[in-house]
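Not measured: the values here are computed from a predicted model. Proteins come first, then strands; the chains are lettered A, B, ... in the order of their sequence lines, and each starts at number 1.
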Amino acid sequence: MRKLFNNIWFKCISVLLAVIICSGGLIAVLSDVLYVSPEVRTKRALIKIYGEEKSYSVVIDTDSTDDAVNSPIEYEKGKIDKIYIIDKENETDGEYDFVFKSTGYEGYKSGNVTLWVKVSVNGGNRRISKVILENYTKQTLMSKLGNGYYDTFLTDVTDGYFTADKDGEGVKNVVTGATKSATAGVNAVNCVIAYLEG
Amino acid sequence: MELLLLKNIDVKILLTVLGIVAVLAVAFAVLIVATSKICAVKTDEKTEKIKEQLSGANCGGCGYAGCADFAKALAEGKADISGCAPTSPENKKIIAEILGVPFSSEEEKIAVVHCQGGDNAKEKFKYVGNEGCGEEIDFMGGKKLCPHGCIGSGSCEKNCIYNAVKVTDGVAKVDTARCTACGVCVKTCPKNIIELIPKSAKVYIACSTTCRGKDVMNACSVGCIGCGLCVKNCPTLAITMENNLPKIDYSKCIACHNCVLKCPRKCIKTL
Amino acid sequence: MAQFLAIIVSAVFINNFVVVQFLGICPFLGVSKDFKSALGMGIAVTFVMTITCLITYPIYTYILVPLKIEFMEIIVFIFIIASIVQMIEMVLKKFSPALYNAMGIYLPLITTNCAVLGVAELVIDQTQMASILGVATMNLGYAVLYGLFAGLGFTLAIVIMSGLREKVARLPINKHLKGFPIAMIVACFIAMAFYVF
Amino acid sequence: MKNDYKKIAFDGAIKNNPTLKLVLGTCPTLALTTAAMNGIYMGLAVTFVLICSNVLVSLLRKAIPKEVRIPAFVLIIATFVTIVRLILDYFLPDLNDIMGLYLPLIVVNCIILARAESFASKNGILPSALDGLANGVGFMIALTLMGAFREVLGRGEIFGFKVWNFTLDFFGTSAGAFFTYALFIALFSLIYGAIADRKKDKAFSPVLKEPNGEAE
């Protein structure tokens, strides 16, 4: 028995397995204890947009359990996960806010970018009034998308879509250092416009 | 933090992830140990123990590629511990015990440049080209008129990892505080005018020319003209004249500094 | 055959990992002091890249994608590369100790070498590879070939760099500029030269 | 034992500065020194992960057999980065938004594996932690200075505030990054060389020798 324990084969395999099981277990425990539920993420996003908590009513929410609302709206270059209508205290009719959570595909290394988009509706006029980043996958050059990038989206929702290629003559051209990540962001916002345009 | 039941995360994904990485780990552990068995390099622990005692500076003074090679040569008895100057005497004693070799605590050494010419040595031509003494002396023996003197391009300075040799006004000078006598400069100097002398030495000859006095006068204002005054004035006859150049026998030298005072060209300098 | 040429041209020239995408600069500067160790490093990196593509491509496409755990990709890839580097280290220690000493700390650093991880991630990216090779789907053969030629591209860059550095090391430069700084300035000129692509 | 710590700290941060003397971790250095703030955030992230991974590596150094040390170290570092991201995401969400960009880059950072391999796997826990801290701080200082230099010349700003509207977009490119990096290494060697001469520091040589010659 003694010989088995300091046999090099056994030592190497057991150490590697031990490290993996310990770290895997640790990550599992931590990711469970420190689990951030979708509601909390939405709360954080609303605080970032409005500066304070807001109650909202759900139009679409992929994380909710009841089936009427949890199917996302798929588009060719992205999808919309959540649509909320923010409850207004002074109920002046015709003026309310949408908050979308949309994901754009075709980012850097075919990863995707998820954004929160706030659209304020005032009578017939609909305007994108706030865009913030939720998270992203595989975008290593995200640091290049500064605030300037997100502010270029703050325009009225007319029929024009955004494009992100350098020489694209699209209506509103949004080009940044990290063109691939910008494309994913633009796709996300275009989904919102596509939804609003119906 | 209620009792944890892993309810928030999908346990199935967790298990598959752990499973894959575990399988990978086992596979690679087996592969690695297999390669380690195939490529087992048998370094007997004697070499390892010696390597720990050596200074580890990898300076190359001992003539081997680094301390590891020198340790292997020592273990096989091919090299002698005196080859490595930077290692301190106590470490050498330990190594001698490991090797079972009698250890004579031989003298500590220091490097010294047998030349003080530099700017006061005349030049045959102005050299512009690749740096380094080795390259310069390929071209007609270097730019200095004196064939034996230091040409001051600093190959010794470049190779000394202890930063102990510096070329000051055209000639290399050893900083005795920093020199650990590793011997790299002795090997790199193409003119072979750097020598390891006992650390206890007080004086040294700052010239290495064997030309006759008249040629030396013409080539360098501070070169040794072989007048022999130092030989005559040395009370213990420690200095002998060989081929127009004085040579000090440090076992006899009592550091009376007579030679330093008497030398008309100030070629004999104190350490 | 066309794909074969496409791989060579794109891996070695158009998006060469070191000179165009500036990945894996640590060994590129650290080991390119003299020709022999640069060539040794190049071959070691080529070997690691080829074996990495050989192993990571099937694992990603046949295991990670079906099980929907792509997020594990980085850890799994780095673990595989680390194990390959560990094996290479033993092989080198046995068969060419001189090269092993010349590479020193830079041998384990191949693991975190961005170029190797870069090629592993590039190869599994269907859309990008399709555009490079002009072929609908990727397969293992193309992946391994791309890894091989990306490694050769790295070797080419590091060997040219070592040639330049050996030449530059003999020029009379200020003492403080010798070594890494002058290597960086040479790399700066190479970078400028590659603005064309 | 006390001055030993002082020596480790001094060595790690200044004398053997990982970015400017041993020239490790060049990928993040070249990529991130476009802005000074990047340097600070990346520096903080690297310092934190470096300390913890050094401690963990030196804790397990006797247990991990020599044959599988590189994969084991990589696993430890990767686990650590994931744990840091989980903690940040739960407790400090806004810091996570900023640091989130840099954390995945750390797994690929050479400095951490280099320190784990050449120092932490050979020394005790406290020296390793100190060495991690020293190297992290050294890395942060170097990155922030270079970031500031490139930001001021490249975009005419410093930490985002307009300084002048003279911009040289050469410094925004990678060629500019190489040039700045070369400049800073030379400057470091010049300044430290002067200090070393005055202090008669034996081992420091102005001409950069092979790092492994000194790092051992």
**Study point:** Val33(B) side chain reached by Lys11(A) side chain, heavy atoms, under 4.5 Å
**Key:** no
Check your understanding: So does Lys130(A) have more than 12 non-hydrogen atoms from other groups sitting under 6.0 Å from NZ?
Key -> no
Check your understanding: Where on Val30(B) is there a heavy atom nearer than 4.5 Å to chain A: the side chain, the backbone, both, or neither?
Key -> both
Revision key, fill the gap. All heavy atoms of Ala25(B) vs all of Leu16(A), minimum pair found to be O-CD1, 4.0 Å
Point to revise | Closest non-hydrogen atom pair, Ile13(A) against Ala29(B) | key: CG1-CB, 3.6 Å
Practice item. To the nearest 0.5 Å, tell me how far Ile20(A) CD1 sits from Ile20(B) CD1. Key: 11.5 Å
